[in-house]
Amino acid sequence: MVNDVIITRSVLLNATPERVWEALTHPGMTRQYYYNCEVSCDWRAGSRLRWRGNYQGRDIDAEGEVLEVIPGRLIKYTGFDRLTEGDISRQGDVHITHEILPQGTKTKLLTTLEHFEGDETRAELAAQQWDFEIMPRLQTLVETTL
């Protein structure tokens with residue numbers, strides 16, 4: 001077995017756990033921070049989820065699977081991280097876990113990305129996407145919109 005890279009990030013959000021859950025699971029909200037992609041899923045373990053949208057002129061239609069869910073508290077799913085259209089060099093999907101942890105009047109969102117199959121370059125690019133694009137947009141969304 002290849003040693004895997006595990007990326008863990010946390011952010012303290014000025015939002016309720018319910019608001020964070022909504023941002024992670026509502027199609028209209030995911031579109032605002034996740035590369036203009038709407039997620040569709042019933043959020044049950046074993047269910048398929050689908051990301052669809054258009055980002056910078058590129059159509060995105062990717063599928064994943066819900067691995068674990070505790071409504072309002074935790075979601076673990078397989079996700080896509082293809083960096084270019086038609087990229088088949090990366091085998092397997094990344095596993096993404098979001099844990100929603102109440103912290104007084106705020107909420108801590110702990111996100112873990114794993115299952116990079118030992119590909120450190122792939123892991124570093126994913127970390128950059130989450131650090132500089134996805135998480136900042138998600139934070140702005142939950143903290144500034146109603």
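- For the residue pair L110 and S10, the shortest heavy atom distance occurs at CD1-CB, 3.9 Å.
- Cluster membership check: L74 does not share its hydrophobic cluster with M29, using side-chain heavy-atom separations under 4.5 Å among Ile, Leu, Val, Met, Phe, Trp and Tyr.
- Linking ILVMFWY side-chain heavy atoms closer than 4.5 Å, directly or via other members, places I134 and I60 in a single hydrophobic cluster.
- Within the model, atoms OG1 of T112 and CD1 of I7 stand 10.0 Å from one another, a figure rounded to the nearest 0.5 Å.
- With L138 as the partner, the side chain to side chain contact (heavy atoms under 4.5 Å, CB included) test is satisfied by one option alone out of L24, V20, V11: L24.
- To the nearest 0.5 Å, atoms CD1 (I70) and CD (E68) are separated by 5.5 Å.
- Applying the 6.0 Å contact sphere to CD of E120 captures no more than 12 heavy atoms from other residues, nucleotides or ligands.
- L141 and M135 end up in the same hydrophobic cluster when Ile, Leu, Val, Met, Phe, Trp and Tyr side chains are linked at under 4.5 Å.
- Using a 4.5 Å cut-off between side-chain heavy atoms of Ile, Leu, Val, Met, Phe, Trp and Tyr, with links allowed through other members, W51 and W130 fall into the same hydrophobic cluster.
- Residues K108 and L13 fail the side-chain proximity criterion, which asks for heavy atoms closer than 4.5 Å.
- Side-chain contact between E114 and K76: present, with at least one pair of heavy atoms (C-beta onward) separated by less than 4.5 Å.
- With values rounded to the nearest 0.5 angstrom, R52 atom CZ is found 12.5 Å from N36 atom CG.
- Counting heavy atoms from C-beta on, the side chains of T107 and I100 come closer than 4.5 Å.
- Judged purely by atom type and a 3.5 angstrom limit, S47 has no side-chain atom pairing as donor or acceptor with the backbone of C41.
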Walk me through whether E124 and T121 qualify under side chain to side chain contact (heavy atoms under 4.5 Å, CB included).
CA-CA 5 Å; E124 178 60 31; T121 300; 5.8 Å; no
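- Looking at heavy atoms from C-beta onward, H115 lies out of side-chain contact with D93 at the 4.5 angstrom threshold.
- The pair E63-R48 meets the salt-bridge criterion, with a side-chain N (NZ, NE, NH1 or NH2) lying under 4.0 Å from an Asp/Glu carboxylate O.
- Evaluation of the side-chain contact (heavy atoms from CB on, under 4.5 Å) rule for R137 yields Y33, Y35, Y55, E133 as partners, not counting sequence neighbours.
- With hydrogens and angles ignored, the 3.5 Å screen pairs a side-chain donor or acceptor of E143 with a backbone N or O of N14.
- Here the NE2-CZ distance, from H26 to R31, works out to 10.5 Å after rounding to the nearest 0.5 Å.
- Looking at P27 and S40, their side chains never come closer than 4.5 Å, going by heavy atoms from C-beta outward.
- H98 places a side-chain heavy atom less than 4.5 Å from the side chain of L109.
- Taking each heavy atom of Y77 and L49 in turn, the nearest pair found is CB-CD2, 3.6 Å.
- Between A127 and R9, the shortest heavy-atom contact is CB-NH2, 3.7 Å.
- Of all heavy-atom pairs between R73 and L101, the closest is NH2-CD2, 4.4 Å.
- Between W21 and I75 the shortest side-chain heavy-atom distance falls below 4.5 Å.
- Between D42 and V66 there is no side-chain heavy-atom pair separated by less than 4.5 Å.
- The closest donor-acceptor contact from the side chain of T30 to the backbone of C37 lies under 3.5 Å.
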